[in-house]
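Okay, structure first, notes after.
Below, chains carry the letters A, B, ... as their sequence lines are ordered, and counting in each starts from 1. Worth saying up front: this structure is predicted, and the values here are computed from it rather than measured.
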Amino acid sequence: MKLEESFYAGKDPVKVAKALLGKFIFTRIRGKVTAGMIVETEAYSYRERASHAYRGKTKRNRVMFGAGGVSYVYLCYGIHHLFNVVTNDAGIADAVLIRALEPKIGEDLMLKRMKTKKLTRITSGPGKLTKALGINIKHNGKPLWEDELWIEEGLPISKKKIKASARIGIDYAGSDALLPWRFTIEGNVWVSKP
DNA sequence: TACGTGATCACG
DNA sequence: GTGATCACGTAA
């Protein structure tokens, strides 16, 4: 079952970040399906300095200012595409970054995209998982219940297994870098920094 | 630890 | 226009 708009729209990004653990991200590119279970997320709010939306609307972040339930994909360091889920209401620019997946469907195609044969750590990081699933800038701004990129109900994750920690790679955000808004499934080997 | 890589953003 | 910066990954 695909998650509906109500899962994202009007919802706090921290709550959605936790709720997304265990859910499955699917892509269907040129008819080929790949999917992975979300094992690591980070919440971003326009109210704090780590967010792209902190300084207001720009060409890059404009989809964050729309209603929840669409993707926000952008190019990072000129090389990596990063995939976010927009949450909350229009005008409240909140989002959740997907940082790691556990491969579930179409592993052979993911290996091909990653140019490796070993099914290890190929989706353990925000830049890698988009490459493995074929997500790129053209998916930016698309609702997450369409036919090329979507999210489905997955495995239930008990609250006890959800671990909070500080977000990665945002030292520039000063004290906001300390917010415990990174969520991982404790013990899962596919998280980005074990 | 160092650096590739290119769009983006805040300046003028 | 231009230059600094960057929600990363890999090699070393």
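A distance of 6.0 Å or more separates the ring centres of Phe83(A) and His139(A).
When heavy atoms are screened at a 4.0 angstrom cut-off, Gly127(A) is found touching the sugar-phosphate backbone but no base atom. Within the nucleic acid shown, Ile170(A) comes within 4.0 Å of sugar-phosphate atoms alone, with no base atom in reach, counting heavy atoms only. At a threshold of 4.0 angstrom between heavy atoms, the contacts of Arg99(A) are confined to the sugar-phosphate backbone, with no base atom among them.
Of the two residues contacting DNA chain B, namely Ile79(A) and Thr58(A), the nearest-nucleotide position lying further toward the 5' end is that of Ile79(A).
Applying the Watson-Crick and G-U wobble criteria (two distances, each under 3.5 Å), dA7(C) pairs with nothing in any strand. Figure legend. dG12(B) is base-paired to no nucleotide; pairs are counted as Watson-Crick or G-U wobble with both atom distances under 3.5 Å.
Atom NZ in Lys131(A) sits roughly 8 Å away from atom P in dT10(C) (whole-Å rounding). One can place CG of Leu179(A) at 16 Å from P of dA7(C), the figure rounded to the nearest angstrom. To the nearest angstrom, P of dA10(B) lies 13 Å from OH of Tyr172(A). A straight line from CZ of Arg60(A) to C1' of dT8(B) spans 6 Å, rounded to a whole angstrom. Protein atom CG of Asn61(A) is 13 Å distant from nucleotide atom C1' of dA7(C), rounded to whole Å. Rounded to whole Å, the distance from NZ on Lys57(A) to C1' on dT8(B) is 17 Å. Atom-to-atom, CG of Asn140(A) to C1' of dT8(B) comes out at 13 Å; the value is rounded to the nearest Å.
Put simply, the side chain of Arg167(A) gets close to the backbone of Asp176(A): a donor and an acceptor are under 3.5 Å apart.
For dA7(C), neither phosphate oxygen OP1 nor OP2 lies less than 4.0 angstrom from any side-chain nitrogen or oxygen of Tyr72(A). Neither OP1 nor OP2 of dT5(B) sits under 4.0 Å from any side-chain N or O of His80(A). Residue Lys128(A) places at least one side-chain N or O under 4.0 Å from the OP1 or OP2 atom of dT10(C).
With respect to Phe183(A), the side-chain contact (heavy atoms from CB on, under 4.5 Å) criterion is satisfied by exactly one of Ile38(A), Leu21(A), Val96(A): Leu21(A).
Taking all atoms of both residues into account, the shortest heavy-atom contact from Lys32(A) to Leu109(A) is CB-CD2, 3.5 Å.
Taking the side chain of Leu75(A) as heavy atoms from C-beta on, and the options dC8(C), dA10(B), dA7(B), the nearest nucleotide is dA7(B).
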